[in-house]
Amino acid sequence: MRLLITGAGGMLGQEMQRAARRVTAGVDWRVAAFMREDLDVASQESIFSAIAMVSPQVIVNCAAYTNVDGCESEAETAYRMNGEVPGVLAKAARETGALLVHYSTDYVFDGRASTPYKEDHPVAPLSVYGRSKLAGEDAIRSGDARHLILRTQWLYGRHGRNFVDTILEKAAAGEQLKVVNDQFGAPTWARDLAVATLEAVALKLTGTFHAVNAGRCTWYDVALRAVTLAGMDPSLVTPTTTAEYPRPAQRPAWGVLDLSKLAEAGVTFRPWDEALEEYVTRERVASLDAAAGAEAGDKQK
Ligand SMILES: NC(=O)c1ccc[n+]([C@@H]2O[C@H](COP(=O)([O-])OP(=O)(O)OC[C@H]3O[C@@H](n4cnc5c(N)ncnc54)[C@H](OP(=O)(O)O)[C@@H]3O)[C@@H](O)[C@H]2O)c1
């Protein structure tokens, strides 16, 4: 199946490429991965010419403006990238008969619930990022392109800045870490999301689904678990509150997403702590070893 990936250089984009370059979900994917420099999704012309070149059956949009705090001061860019671009991609998908796969966020909710959010729970974003991502969902749903919108959260992975790596780097430097313990969600390995995406496409799913690693925790729980798994001193991590750690963008206190709709359709996620364990103890160690090996090789030259 021919797949076109936008934003292929990002954290999820790189994992999508990896998952689609092997047989995943029993499908032999043919991938055309476009980095930002090869396909600027802010340009309609650039989108249509890439699609004409590849003739994809599936367009996976991994491009977005993802700096949540930055969106507060750069609202115009946020609405263009996260709100309008998905509508243009949907138009291109409709005209070519392709399926559009797009990612959204738990930040479309206001976090006042106390049970996991189902897909049809009323939305009420608290930040520019959340409002811009919701605008993107609406732009896709208001057209008649075949689409799959996956709402995810707290992504981490090997490619790009993310919470897990930042915590581990700071802990390795012996820094004391105060981490918020009153926002709930589930850290999600971009690799698991990439595989789940291909499984959902193979099953021909369409519509809006929640897609995160299973279970729930706080950022503090994630930091403590990651530091412990990495064999570092857990007393470096102490809990704090959102009120004590103000940020430009307001985050929902409760972002727990209900996974039952996706599970009933045949796609399941493993628990967040299992995925995190594999990431910290195997994937990250392997990439650090590879980097150290490359550095040693450079020094010998
Ligand atoms: N990260 C999370 O925790 C999280 C949570 C919920 C939902 N999501 C959603 O998941 C999706 C993937 O996120 P991610 O974490 O992989 O983000 P990411 O690492 O920031 O990747 C986004 C990619 O989009 C590219 N991009 C930006 N503007 C572009 C343009 N005009 N044309 C083409 N590419 C452009 C970026 O390139 P540059 O690096 O050059 O700017 C980057 O490679 C996004 O839709 C995001 O909103 C993410």
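Both backbone and side-chain heavy atoms feed into the values below; hydrogens, waters and symmetry mates do not. Order of appearance sets the numbers: ligands from 1, and atoms from 1 within every ligand. No experiment lies behind these values; they were computed from the predicted model shown.
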ask   = Quick check: does Gly13 get an N/O under 3.5 Å from an N/O on ligand 1?
value = no
remark   = ligand 1 to Trp154, heavy atom cutoff 4.0 Å, flagged ligand atoms 3 (O), 5 (C)
task = Test side chain to side chain contact (heavy atoms under 4.5 Å, CB included) on Ile5 and Gln14 and set out the steps.
result = CA-CA 9 Å; Ile5 303 173; Gln14 300 249 15; over 6 Å; no
task = Give a yes or no on this: more than 12 heavy atoms of other residues, nucleotides or ligands lie within 6.0 Å of atom CD of Glu244.
result = yes
task = Determine, considering heavy atoms only, which of Cys62, Ser43, Ala8 sits nearest to atom 22 (C) of ligand 1.
result = Cys62
note = In this structure, atom 10 (O) of ligand 1 is nearest to the protein heavy atom Tyr103 CB, 3.6 Å
ask   = side chain to side chain contact (heavy atoms under 4.5 Å, CB included) between Ile167 and Val222: does it pass, once the steps are laid out?
value = CA-CA 9 Å; Ile167 287 291; Val222 181; over 6 Å; no
Protein contact to atom 5 (C) of ligand 1 [nearest heavy atom, distance to 0.1 Å] = Gln153 CA, 3.8 Å
inquiry  = Counting only heavy atoms closer than 4.0 Å, does ligand 1 sit against the backbone of Tyr65, its side chain, both, or neither?
reply    = neither
query = Heavy-atom count around Glu37 CD within 6.0 Å, excluding the residue itself: above 12?
reply = yes
query = Could an N or O of ligand 1 be found under 3.5 Å from any N or O of Tyr129, whether backbone or side chain?
reply = yes
query = Considering distance alone, does some N or O of Thr105 sit under 3.5 Å from an N or O of ligand 1?
reply = no
request  = Going by heavy-atom distance to atom 45 (O) of ligand 1, choose the closest among His102, Lys133, Met11, Arg36.
outcome  = Lys133
Parallel, tilted or perpendicular: rings of Tyr279 and Trp189 (30°, 60°) = perpendicular
query = What orientation do His121 and Phe109 show, parallel under 30°, tilted 30 to 60°, or perpendicular over 60°?
reply = perpendicular
Taking atom 44 (C) of ligand 1 as the reference point, the nearest protein heavy atom with its distance = Ala64 CB, 3.5 Å
inquiry  = Set out, in order, the CA-CA distance, both residues' side-chain angles and the distance that settles salt bridge (charged side-chain N to carboxylate O under 4.0 Å, His left out) for Glu137 and Arg151, then state yes or no.
reply    = CA-CA 10 Å; Glu137 288 190 11; Arg151 287 191 189 132; 2.8 Å; yes
ask   = For Leu99 and Lys204, what are the C-alpha separation, side-chain angles and deciding distance, and is it a side chain to side chain contact (heavy atoms under 4.5 Å, CB included)?
value = CA-CA 9 Å; Leu99 169 75; Lys204 301 191 180 350; over 6 Å; no
message = Any salt bridge linking Glu283 with Arg158? Criterion: basic side-chain nitrogen under 4.0 Å from a carboxylate oxygen.
response = yes
query = What residue and heavy atom of the protein are closest to atom 29 (C) of ligand 1, and at what distance?
reply = Met81 CE, 3.6 Å
query = For ligand 1, which part of Ala190 has a heavy atom less than 4.0 Å away: the side chain, the backbone, both, or neither?
reply = neither
query = To the nearest 0.5 Å, what is the distance between CZ (Arg21) and CG (Asp28)?
reply = 12.5 Å
task = Just jot down the ligand 1 atoms closer than 4.0 angstrom to any heavy atom of Gly9, in number order.
result = 43 (O)
key: Nearest-contact summary for atom 48 (C) of ligand 1 - protein heavy atom, Å   = Leu155 CD1, 3.7 Å
ask   = Counting only non-hydrogen atoms of the protein, does one fall under 4.0 Å from atom 39 (O) of ligand 1?
value = no
query = To which protein heavy atom is atom 33 (C) of ligand 1 closest, and what is the distance rounded to 0.1 Å?
reply = Leu39 O, 3.2 Å
inquiry  = Considering both backbone and side-chain atoms of Leu12, is one of its nitrogen or oxygen atoms within less than 3.5 Å of a nitrogen or oxygen in ligand 1?
reply    = yes
query = What's the shortest distance from atom 31 (N) of ligand 1 to any protein heavy atom, and which residue and atom give it?
reply = Asp40 OD1, 2.8 Å
request  = Kindly indicate, with the supporting measurements, whether the criterion side chain to side chain contact (heavy atoms under 4.5 Å, CB included) is fulfilled by Asn213 and Arg270.
outcome  = CA-CA 6 Å; Asn213 278 124; Arg270 60 181 157 169; 3.9 Å; yes
Heavy atom of the protein closest to atom 21 (O) of ligand 1 (residue, atom name, distance) = Gly10 CA, 3.4 Å
message = Going by side chain to side chain contact (heavy atoms under 4.5 Å, CB included), Thr6 matches just one of Asp40, Leu39, Asp38. Which one?
response = Leu39
Check: Thr66 N/O within less than 3.5 Å of ligand 1 N/O = yes
